Amino acid sequence: MKEHFLKTILLVGLLIFVCSLNSAYAAVFTSIQSGYFSVGSTWVGGVAPGLGDDIIIVSGHTVTLDQNALVRNINIEAGAILINSTFDVIGTSTSPGASPQYINNGSHNGTGKFILYDNGGTQLRGNGVTNCNIEYRNYQLKITDECNLTINGNIQPGTGGNGTTILEAWEGGGGNLIINGSIITDPIRGGSIINQTGTIIVNGNVSLLGSSGAAAGSVFENGSFATFNISGNLTLGPNDSYCQNIGSMIIGGDLLGSGQNDTYFWQETGATVKFGGEVFPEPNGGLFFANSSALGGTSEPSTVEYNGVVSQNIAFPIDEAYSNLVINNSSITGVTLNTDITINGDLSLMNGLLTIGDYNLNLADTSHILGVPSSGSMIIATGTGELRRTFSTAGSFVFPVGDNNGTAEYSPVIVDFSAGVYNDAFVGVNLVNEPYPGASGSYLNRYWNINSSGITDFTCNVQFDY
């Protein structure tokens, strides 16, 4: 009898526990027609959603907020519309934990904000359009492989909260997100981005300012299977903030740092980055690593491309060399050297002029010139600097040089060694758009300077084209 009594108590207790758990979970409210959020007739069952409930807006329905909506999971079906008006959608739950779902295959509109859940990352799914700003406080947007969303607004910090990862694409096979706005961080709280698998396009600026409150920097990691394109500026703050690119990046504006030598940009092996503006210009300087890896010591091979539509300067890498360098600048003046640089890999002259001025552009003995050099795509070598190519054995090399004195003129030089001894050897070329001093009679309005070092007992043919 006693044993039976105890079993009864345990069974009743278990039922009470299960019932209490069920009451803690959110109810799911599905729209039955278009209408206001707080009106019962808008929803199946005639009752409006309460604190932390889930909502589904059915295709063909438009639900308009007439108060702040404190909900957890949101599902906007294709052809459905959620209108914030001036109110906010706030991620809330009566049983904190786990990640809420934001599934948008329709439209989410209004001047009011979407404020993320405070107790877990908000998972993004669907291929709809969100036409409002998104605020984060404690947790991030998690881009799933079912995400193909467009956000026409900013991702920005809200009041309260701690430093957090703002965007994260880590699991699954990718996911796509277009942000037609900017990503903004609070310089006291900070914020980071971890993109391991996603394709993220930001048609605005990205500001990762670090956390002055915690004296910690921001982290921006772009993984080997990831793409991150920014049309505007990427700003990295102090306290060892860094961007580590292992995948593909485009920075359409400037790469800006703290100016305190505690901001870093790392290229890793296999990575490509395209710069449309300046790389750590003063007073927004930083440390740019083009061929040294924070992971494996070297980032060879990797590729840096200057593809601006206005004039650009070639940044000096703190590790003193580029792996592969691409010139693809459509401005009249192209890109310019402000210091000696070395290229360990290939130089691609895809479009535009590369002016070396009074500085040396040094190519390794395994370097190739790719592209089709011409008067619109060549190296302007009319200063005291030289286009230099290292030689460790006999061979031929085309120096794609020319001038831009009034009219761009392509005047390449071919140097062909058939014999010689090479010891830390190089050949350097520049040219002058004038007659050679002392020339008279018939003469070219051009001469070339050929400089060599470390080459002895050689046989060489040189061809000058004008």
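Source: prediction; values computed, not measured. The basis for the numbers below is simple: all heavy atoms, side chains too, and nothing from hydrogens, waters or symmetry mates.
No side-chain donor from either of N222 and Q244 sits under 3.5 Å from a side-chain acceptor of the other. Side chains of T382 and D403: no donor on one and acceptor on the other come within 3.5 Å. Checking E221 against Y242 by side-chain atom types alone, a donor-acceptor pair falls below 3.5 Å. Counting only N and O atoms by type, the side chains of T130 and N104 include a donor and acceptor under 3.5 Å apart. No hydrogens or angles considered: a donor-acceptor pair under 3.5 Å links the side chains of S293 and E268. With hydrogens and angles left out, the side-chain atoms of N307 and N328 include no donor and acceptor closer than 3.5 Å. Side-chain contact check for R72 and S93: at least one donor-acceptor pair (N or O, by modelled atom type) lies under 3.5 Å.
Looking at N245, its side chain never comes within 3.5 Å of a backbone N or O of A271 through a donor-acceptor pair. Looking only at distances, a side-chain donor or acceptor of N329 sits under 3.5 Å from a matching main-chain atom of S331. Listed for the D346 side chain is a donor-acceptor partner under 3.5 Å among the backbone atoms of H368. The backbone N or O of N291 lies less than 3.5 Å from no partner atom in the side chain of S323, so there is not a single donor-acceptor pair. Judged by distance alone, the side chain of N68 and the main-chain N or O of D88 form a donor-acceptor pair under 3.5 Å. At distances below 3.5 Å, at least one donor-acceptor pair connects side-chain atoms of N154 with backbone N or O atoms of S182. Checked by atom type and distance alone, the side chain of D319 pairs as donor or acceptor with a backbone atom of S292 at under 3.5 Å. A donor-acceptor contact shorter than 3.5 Å links the side chain of S212 to the backbone of P187. The backbone N or O of N73 sits less than 3.5 Å from a side-chain atom of D54, completing a donor-acceptor pair. Counting only distance, with no hydrogens or angles, the side chain of T42 and the backbone of S31 share no donor-acceptor pair below 3.5 Å.
Residues I166 and T185 have side chains in contact (heavy-atom distance under 4.5 Å, counting atoms from C-beta outward). Looking at heavy atoms from C-beta onward, F37 lies out of side-chain contact with L82 at the 4.5 angstrom threshold. A heavy-atom distance below 4.5 Å is found between the side chains of L349 and I379. Under the 4.5 Å side-chain criterion, counting only non-hydrogen atoms from C-beta, D66 is not in contact with T64.
Using the six-membered ring where Trp is involved, F114 and H108 have ring planes that are tilted, between 30° and 60° apart.
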Subject >> Stepwise side chain to side chain contact (heavy atoms under 4.5 Å, CB included) test for V71 and F29 >> reply: CA-CA 10 Å; V71 296; F29 286 78; over 6 Å; no
**OP:** Carefully, step by step, assess T150 and N180 under the rule side chain to side chain contact (heavy atoms under 4.5 Å, CB included).
**Re:** CA-CA 7 Å; T150 298; N180 293 316; 3.6 Å; yes
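Summarising the local packing, CZ of F316 is surrounded by more than 12 heavy atoms from other residues, nucleotides or ligands at distances under 6.0 Å. Other residues, nucleotides and ligands place more than 12 heavy atoms under 6.0 Å from the CG atom of L295. By the 6.0 Å contact criterion, OH on Y139 is open, its count of non-hydrogen atoms from other residues, nucleotides or ligands being 12 or less.
Once rounded to the nearest 0.5 Å, the distance linking CD of Q140 with CH2 of W170 reads 11.0 Å. Expressed to the nearest 0.5 Å, how far CG of L361 lies from OG1 of T355 amounts to 11.5 Å. Taking CG of N324 as the reference point, atom CD of Q267 lies at 10.5 Å (rounded to 0.5 Å). Taking CD1 of I356 as the reference point, atom CG of N338 lies at 12.5 Å (rounded to 0.5 Å).
The six-membered or imidazole ring of F228 lies near that of F220, with a centre-to-centre distance under 6.0 Å. Taking the six-membered ring where the residue is Trp, the centroids of F288 and F275 are separated by under 6.0 Å.
Under the side-chain contact (heavy atoms from CB on, under 4.5 Å) test applied with I56, the options I76, I103, N75 reduce to a single match, N75. Only one option out of L287, V279, V273 pairs with F265 in a side-chain contact (heavy atoms from CB on, under 4.5 Å); it is V273.
Contact record, A290 with S299: O-OG, 3.5 Å, taken as the closest heavy-atom pair. T164 approaches N138 most closely through the heavy-atom pair OG1-O, 3.0 Å.
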